[in-house]
Amino acid sequence: MAQVPLEWIALVIGNSRLHWAWGTGAEVQQGWHTSHLVPEAIARLVSQDFDFTSIDEACPNGAKRFKDRDLYIASVVPAQTAQWVTYCPRATCFTLADLPLKDGYPTLGIDRALAVCGAVARYHRPALVIDAGTALTVTGVDGEFRFIGGAILPGVRLQFQSLSLHTADLPLVTLDSVEDVRYPPRWATQTEDAILSGVLHMLTAGVRDFIQDWGDRYPNTTLVLTGGDRRLIWIGLASVDPALANRVQARDTAVMEGMAMAIAQRLSC
C-alpha cells in the first residue's frame, strides 16, 4: 500500500502580512494571508486548533483542519517569531541552514532563499525570483543551488509612502485594487499620475534589466514573479516587453513552494 503523504501547515511571517499554507508532502494545496496578530489572538488561534474564524479572518478551507498538526515557520520579523514560538509549543522554525542553498550570506532573508530554492527544486535549473512585496527583491540561484546574488529596493507602496512622508506637498498615492490598476502613461500631466509613472516605470525598467542580464548568464532559467504587488510589475513588463512577460511565472505561492520542499525533507528524515 502506498504511503499517504503527511499533511502540514506552514506560516511565513512577512513584513506586512502573515502568509499561510497547508499541504501534503512536497505539495502546497492552498495558501492564504492574514494580518499580523497580537499575542492574545495567537494564543486563541493555537488553542482552537487554528480555527481562523476565531480571528475574523477566514481560512479558505474552513476551521478545524489543523488539529494536532505541527506548525512550520519561516520569518523575517524576529519579534513576531518570538510570539509564535511562545504561544505555539509545536512550532518548528526554519533557518538558512535547513535549505540546500550554497554560498549564501548569514543575513539573507529566509523568504528569498525559500522561494528561489523551491523554484530550483521544482524545475531543476537556475532560477531568478522577483518578490514584489514590502521590499522588492531580486534573487538568483544556479541549478546547483549556488547563490549567485541579487538586489533589494523599496517596494511599490513603500516608495509611494516615502514620497508622501518626506516631501512637503506630494500626496500619498494608494492602490485600492491592484487588479483594477491601469498601467500609467510614461509622460504624466498631473502629480499623482507622475508619481505612478515614476515608481512603476522605473521599477519595471529595473526588473526588466535584471531579468535580461540574468538571462544572458543563464539562458535556460526559470523566472518567477511573486509578492503582493506582482501583478503591477507583470502588467508593466507586459506593456514594454510582452515576450519577456510571457516567460515570467507570476504566482502567489513561490515562497510556500520552498517551504513545502523544506518540510518534505524534514518529514522524510
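Here the structure is a predicted model, which is why all the values come from computation and not from measurement. Side chains included, hydrogens not; waters and symmetry mates left out as well; all remaining heavy atoms used.
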Yes or no on side chain to side chain donor-acceptor pair (under 3.5 Å) for Thr222 and Gln249, after CA distance, side-chain angles and deciding distance?
-> CA-CA 8 Å; Thr222 300; Gln249 302 178 30; 5.0 Å; no
Relative to each other, are the rings of Trp20 and Phe50 parallel, tilted or perpendicular (30° and 60° limits)?
-> perpendicular
Can you say whether the rings of Phe147 and Tyr105 are parallel (under 30°), tilted (30 to 60°) or perpendicular (over 60°)?
->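 If you compare the ring of Phe147 with that of Tyr105, the planes turn out perpendicular.
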Counting C-beta onward and ignoring hydrogens, is there a side-chain heavy-atom pair between [X] and [Y] closer than 4.5 Å?
X	Y	result
Leu170	Phe160	no
Phe94	Met259	yes
Ile195	Pro171	yes
Cys93	Thr81	yes

Side-chain donor-acceptor contact under 3.5 Å, [X] with [Y]:
X	Y	answer
Asp111	His19	no
Ser197	Arg186	no
Gln80	Ser75	no

In plain terms, say whether Arg112 and Asp131 are close enough for a salt bridge, that is, a side-chain N and a carboxylate O under 4.0 Å apart.
-> no
Sequence neighbours excluded, which residues qualify as side chain to side chain donor-acceptor pair (under 3.5 Å) partners of Asn220?
->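 Once residues adjacent in sequence are excluded, the partners of Asn220 under the side chain to side chain donor-acceptor pair (under 3.5 Å) criterion are Arg125.
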Not counting sequence neighbours, which residues clear side chain to side chain donor-acceptor pair (under 3.5 Å) with Arg146? List them please.
->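 Expected list: Asp142.
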Determine whether the aromatic ring centres of Phe210 and Trp214 lie less than 6.0 Å apart.
->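 Not close enough - the centres of the two rings lie 6.0 Å or further apart.
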